[in-house]
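Just below is one structure, and these are the notes that go with it.
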Amino acid sequence: MAKLPMKRVQICALKRDRRQIMKILQRRGVVELDDEVQQDDTFQRMDTTDQRILFEKNVQVAQQALDVLDTYAPVKKPMLAMLSGKEEMPLTVYDTYSEKQDEIMEHARTLNALAKEIAERSANIPKLQAQIEALVPWFSLDVPQSFKGTKTTAALIGAVPGEHSLESIYGVLAERCPEIEAVDCNVISSTTDQTCLFVLCRRENASAVEDALRTMGFARPSMPSTVPPLEEKSRLEEEILTTQKAIDQAKEQVAAMADQREGLRFAVDYYTMRADRYEAVGRLAQSKRTFFLTGYVPAEAVPNLEKTLEPFDCAMEVNDPGEDEDVPVLLKNNGFNDPMEGVVAGYSMPGKEDIDPSPIMAIFYYVFFGIMFSDAAYGFLLALVTGIILLKCKGLEPSFRKSIKLFFYCGISTVFWGVMFGSYFGDALAVISNTFFGHEVTIPPVLFDPVSNPMKMLLLSFAFGVVHLFTGLAILLYKKLRAHAYADAIYDAVFWYLLVGGGIVYLVGMPMFQNMFDLSFAVPSIVSTVAAVCAGIGAVGILLTGGRESRNPFKRLLKGAYSLYNVTGYLSDILSYSRLLALGLATGVIATVFNQMGSMMGGNIVGAIVFILVFVIGHVLNIGINVLGAYVHTNRLQYVEFFGKFYDGGGRAFVPYAMHTKYYRIKEEM
């Protein structure tokens with residue numbers, strides 16, 4: 001069975017051993033905890049919110065420190081580093097780092113403080129530069145902008161909008177203050193945006209003069225300098241240099257702490273695991289001296305779990321789950337089938353009555369993908385790249401490794417079907433040999449060329465579709481027989497086999513169908529007659545039993561007619577497999593178009609260069625587009641056509657209490 005049987009486990013142990021037992025269970029990762037035990041006067045659940053918040057905060061601090069190192073002291077990683085997965089850490093190293101957590105977190109806080117200092121100082125530099133820019137129009141002023149005048153005189157320093165001459169300013173003053181004569185105006189600078197002024201007058205006339213200037217929009221500087229502008233500029237530039245030097249020193253301090261990266265990564269994982277552990281502790285039922293946990297464990301893991309808990313004073317009871325329990329689902333398949341587990345989970349985990357469809361759908365999945373991608377060279381490249389990743393990157397996450405294996409097997413299938421259809425980068429061999437060597441060389445297809453024989457390809461697609469759908473019906477038949485629902489097996493599977501199978505055989509025997517697909521064989525009339533009779537029996541059977549749940553004969557007949565109408569659904573399902581033809585042709589035709597485009601410049605040197613460029617770019621694009629298309633449509637054929645015949649789904653995945661780390665895989669010496 002690919003769907004592992006589950007057991008309900010109950011463990012009762014002394015509270016003094018709780019920490020060690022919970023740590024061991026987390027490392028083993030084979031128990032899914034639940035809240036089955038109810039609270040009462042004896043057993044209570046502990047509130048671990050504060051501890052979890054503290055650990056989660058430490059995770060954030062350590063992660064922020066790592067981000068600081070990645071920003072100011074980045075590490076160059078090999079090309080395949082992103083695919084290498086988590087680094088393996090022996091338990092002895094884990095214990096060593098565990099003892100240094102206070103020191104590691106102190107380094108993390110130091111790094112975050114340095115990052116904050118860098119950010120604050122970096123934000124201050126644009127402000128200082130903006131102040132210098134504001135002083136530029138005042139550089140010729142030899143007194144501070146804050147200068148107010150002397151004991152008997154008043155100085156008005158400010159700017160008016162727009163460009164003004166000295167004469168226009170005196171004109172405004174003469175118009176507004178005709179009685180005031182002792183006024184000295186100086187234009188410090190003038191642009192189309194503003195005119196900077198230095199106006200000197202008697203102190204008793206300052207208010208009137210300023211009011212006159214305000215009619216022109218006069219405004220004093222918002223942050224007047226306390227020294228002459230040129231001196232203020234020098235001071236600001238010195239402050240910028242000092243700030244930049246402090247930033248550089250802080251960055252050097254960060255770079256000097258680059259050797260803390262490994263410890264910080266461990267801190268992220270360490271405190272994540274501790275937060276998870278305290279979340280699990282909060283789900284335990286605890287008394288003064290004992291604690292109690294319940295959950296689910298795969299049946300095959302029970303012996304090892306019992307052996308693990310032998311050193312502790314605890315009691316473990318293992319039972320079969322009840323019929324009404326929501327038992328989690330864990331799939332386990334061999335290396336050829338396990339890539340399908342992710343595909344199944346992407347739809348829905350198997351329900352209680354379902355079998356794991358992974359072993360059955362694996363062959364169909366690889367075959368359909370290969371037919372849609374359908375180029376031997378493309379398949380070889382896909383298998384080569386994914387094979388190298390599987391060989392070189394041993395630390396891949398299990399789910400990601402299964403995805404890579406999926407495309408590896410799909411690549412092998414594509415090579416097979418590419419040879420069957422005679423496609424190697426489309427017709428690249430024929431185009432290259434004809435364009436650059438003057439005579440055409442080809443590799444003939446073992447089966448046929450889909451581009452030249454689309455009707456054969458369509459017939460092959462329909463044949464695979466019928467086999468696929470009938471396999472789904474066979475699984476439904478098996479489910480009904482396993483549940484001892486023998487009548488339902490006949491009504492829901494056998495009758496459909498008779499109707500659809502008989503209808504297909506009868507259709508194939510028709511002369512019109514024979515001529516349409518140019519079939520070289522003939523169906524004997526007796527076979528066609530038997531097929532028609534079988535189809536009739538199936539139709540009558542579905543009509544009479546399709547609404548068997550209804551007691552009203554009239555409603556039962558109507559529901560039976562509606563069920564019989566579902567034969568159109570089978571027809572549309574079979575037609576859906578024409579996408580095998582469509583995507584297979586698309587891959588080959590697009591490849592051929594790129595080959596023809598590349599050869600348009602002829603067989604000279606320029607033509608060779610153009611051909612190489614078009615060939616590489618075009619086929620890379622074709623591979624990317626058609627890998628995605630083949631993946632999507634292969635999934636669709638499984639989810640809609642295949643699963644629609646037998647699969648209920650609705651199960652939930654097994655989520656064990658385990659070490660959910662980000663950077664390291666803890667290796668425990670057994």
Side-chain angles (χ1 to χ4, degrees), residues 1-11 18 21-37 45-46 48-49 51-52 55-56 59 85-86 268-285 291-302 304-305 308-309 316 318-322 324-333 338-358 396-403 647-666 668:
M1 288 291 290
K3 191 169 69 171
L4 291 181
M6 285 286 168
K7 296 290 186 179
R8 169 163 284 284
V9 63
Q10 298 176 329
I11 300 174
R18 186 190 67 191
I21 289 176
M22 295 304 292
K23 185 185 294 186
I24 290 175
L25 291 179
Q26 188 177 38
R27 289 175 181 172
R28 293 291 185 269
V30 295
V31 178
E32 179 183 292
L33 302 178
D34 64 15
D35 303 320
E36 184 69 20
V37 179
R45 287 191 171 85
M46 183 172 67
T48 59
T49 304
Q51 292 91 334
R52 286 192 291 112
F55 294 141
E56 289 167 359
V59 171
K86 298 175 184 176
V268 171
D269 288 345
Y270 176 78
Y271 285 109
T272 298
M273 288 188 292
R274 294 205 65 180
D276 290 345
R277 194 180 307 157
Y278 269 85
E279 191 276 335
V281 169
R283 303 176 66 180
L284 304 179
F291 72 93
F292 196 85
L293 68 82
T294 64
Y296 297 97
V297 60
E300 65 176 23
V302 170
N304 189 37
L305 181 61
T308 300
L309 297 179
M316 186 175 84
V318 179
N319 299 304
D320 291 326
D324 58 342
E325 290 189 46
D326 183 19
V327 182
V329 178
L330 178 63
L331 305 180
K332 184 177 180 180
N333 291 277
D338 64 8
M340 294 298 106
E341 294 174 4
V343 179
V344 172
Y347 182 83
S348 178
M349 295 297 282
K352 288 184 178 181
E353 302 301 325
D354 287 320
I355 65 170
D356 176 15
S358 302
L396 292 173
E397 288 295 299
S399 59
F400 188 53
R401 172 171 286 274
K402 290 176 183 178
S403 298
Y647 196 69
D648 297 322
R652 65 179 183 87
F654 177 68
V655 183
Y657 165 58
M659 295 186 294
H660 303 294
T661 57
K662 183 177 181 180
Y663 295 104
Y664 294 106
R665 289 182 295 110
I666 311 302
E668 188 167 0

Check: Do F291 and V281 have side-chain heavy atoms sitting under 4.5 Å apart?
Finding: no

Margin query: Do D276 and Q26 make a side-chain contact, defined as non-hydrogen atoms from C-beta onward lying under 4.5 Å apart?
Written below: yes

Note to self: For the backbone of E325 and the side chain of K352, can you confirm whether one donor and one acceptor N or O come within less than 3.5 Å of each other?
What the structure shows: yes

Checklist line | side-chain contact (heavy atoms from CB on, under 4.5 Å) assessment of M349 paired with R652 | finding: CA-CA 6 Å; M349 295 297 282; R652 65 179 183 87; over 6 Å; no

Item checked: Approximate separation, where rounding is to 0.5 Å, of H660 NE2 and M273 CE -> 11.0 Å

Note to self: If you define the side chain from C-beta out and look only at heavy atoms, does anything of Y296 sit under 4.5 Å from L330?
What the structure shows: no

Margin query: Would you compute the distance between atom CD1 of I355 and atom OH of Y647 and round it to the nearest 0.5 angstrom?
Written below: 10.0 Å

Check: Which is it for R28 and L305 under the side-chain contact (heavy atoms from CB on, under 4.5 Å) test, yes or no, and what are the steps along the way?
Finding: CA-CA 8 Å; R28 293 291 185 269; L305 181 61; 5.6 Å; no

Checklist line | Pair L284-M46, side-chain contact (heavy atoms from CB on, under 4.5 Å): steps then yes or no | finding: CA-CA 8 Å; L284 304 179; M46 183 172 67; over 6 Å; no

Check: Does the pair D320/R8 count as a salt bridge with the N-to-O cut at 4.0 Å?
Finding: no

Checklist line | E353 atom CD, neighbour heavy-atom count above 12 within 6.0 Å | finding: no

Item checked: Flag, side chain of E300 to backbone of L4, donor-acceptor distance under 3.5 Å -> no

Note to self: Ignoring hydrogens, what is the shortest heavy-atom contact between L293 and L25? Give both atom names and the distance.
What the structure shows: CD2-CD1, 3.8 Å

Next item on the list: Taking the side chain as every heavy atom from C-beta outward, state whether V302 and V297 have any atom pair closer than 4.5 Å.
Entry: yes

Check: When rounded to the nearest 0.5 angstrom, what is the spacing between CZ in R277 and CZ in R18?
Finding: 11.0 Å

Note to self: If we ignore hydrogens and angles and just use 3.5 Å, is the side chain of R45 paired with the main-chain N or O of R283 as donor and acceptor?
What the structure shows: yes

Check: With P298, which of M6, E32, K332 fulfils side chain to side chain contact (heavy atoms under 4.5 Å, CB included)?
Finding: M6

Next item on the list: Taking S348 for its side chain and G650 for its backbone only, find out whether a donor-acceptor pair lies under 3.5 Å.
Entry: yes

Check: Does a salt bridge link K3 with D354, judged by any charged N lying under 4.0 Å from a carboxylate O?
Finding: no

Margin query: Has Y657 got a side-chain atom pairing as donor or acceptor with M22's backbone, closer than 3.5 angstrom?
Written below: yes

Notebook entry, point to check: Atom CE in M340, atom CG in L331: separation rounded to 0.5 Å?
Noted result: 12.5 Å

Check: CG of L309 to CD1 of I11: how many Å apart, nearest 0.5 Å?
Finding: 5.0 Å

Notebook entry, point to check: Just by distance, do the side chain of D269 and the backbone of Y663 share a donor-acceptor pair under 3.5 Å?
Noted result: yes

Check: Going by heavy atoms in the side chains, are P350 and V344 under 4.5 Å from each other?
Finding: yes

